[in-house]
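In listed order, ligands and their atoms are each counted from 1. Note that the structure is predicted; figures quoted are calculated from it, not measured.
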Amino acid sequence: MFRLRSADGNVIELEPEHGESVMDTAVRAGVDGIVGECGGSASCGTCHVFVPEEHLARLDPPEFAEEQTLGYTAVPRTDASRLACQVPAADVDGAVLDLPERQY
Ligand code: FES
């Protein structure tokens, strides 16, 4: 289980299925604020999320494609930024991830 918090403070709790990314789970649940336009190939930047520090430290570092795409997200990246399609939902169990104000 993890939670997504929209920029206006609404929190939704999500139960991932085995092996899903955060983006997969959010799109399956129809969450506004995660678009996932490229289907998970780290090329569109419409699944931008902010991961809390304690969970960020547990994730594998971004690969080259994710690093590149984080350079042109609609809301500028911060140190907490990741692409939800590259984050295994199991790795953020219990976390509250923040969504940017927009993905375009
Ligand atoms: S779904 Fe396109 S970058 Fe994540």
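- Taking 4.5 Å as the limit, some side-chain heavy atom of Gln103 sits within range of a side-chain heavy atom of Val35.
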Distance-only donor-acceptor pairs under 3.5 Å for side chains of residues 9-18, two or more places apart:
from, atom 1, to, atom 2, distance (Å)
Glu13, OE1, Arg3, NE, 3.4
Glu13, OE1, Arg3, NH2, 3.1

Donor-acceptor pairs under 3.5 angstrom involving side-chain atoms of residues 40-50: please list them, not counting sequence neighbours.
from, atom 1, to, atom 2, distance (Å)
Ser41, OG, Ser43, OG, 3.0
Thr46, OG1, Gly36, N, 3.1
Thr46, OG1, Glu37, N, 3.0
His48, ND1, Val75, O, 3.4
His48, NE2, Ser81, OG, 2.7

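- For the pair Val22/Phe2, a side-chain contact is recorded, criterion being any heavy-atom separation below 4.5 Å from C-beta on.
- Remark: Asp98 pairs with Arg5 by the salt bridge (charged side-chain N to carboxylate O under 4.0 Å, His left out) rule, at least two apart or across chains.
- Atom 2 (Fe) of ligand 1 has Cys38 SG, Cys44 SG as protein N, O or S atoms under 2.8 Å away.
- Electrostatic pairing of Glu67 and Arg82 does not count as a salt bridge here, judged by no charged N lying under 4.0 Å from a carboxylate O.
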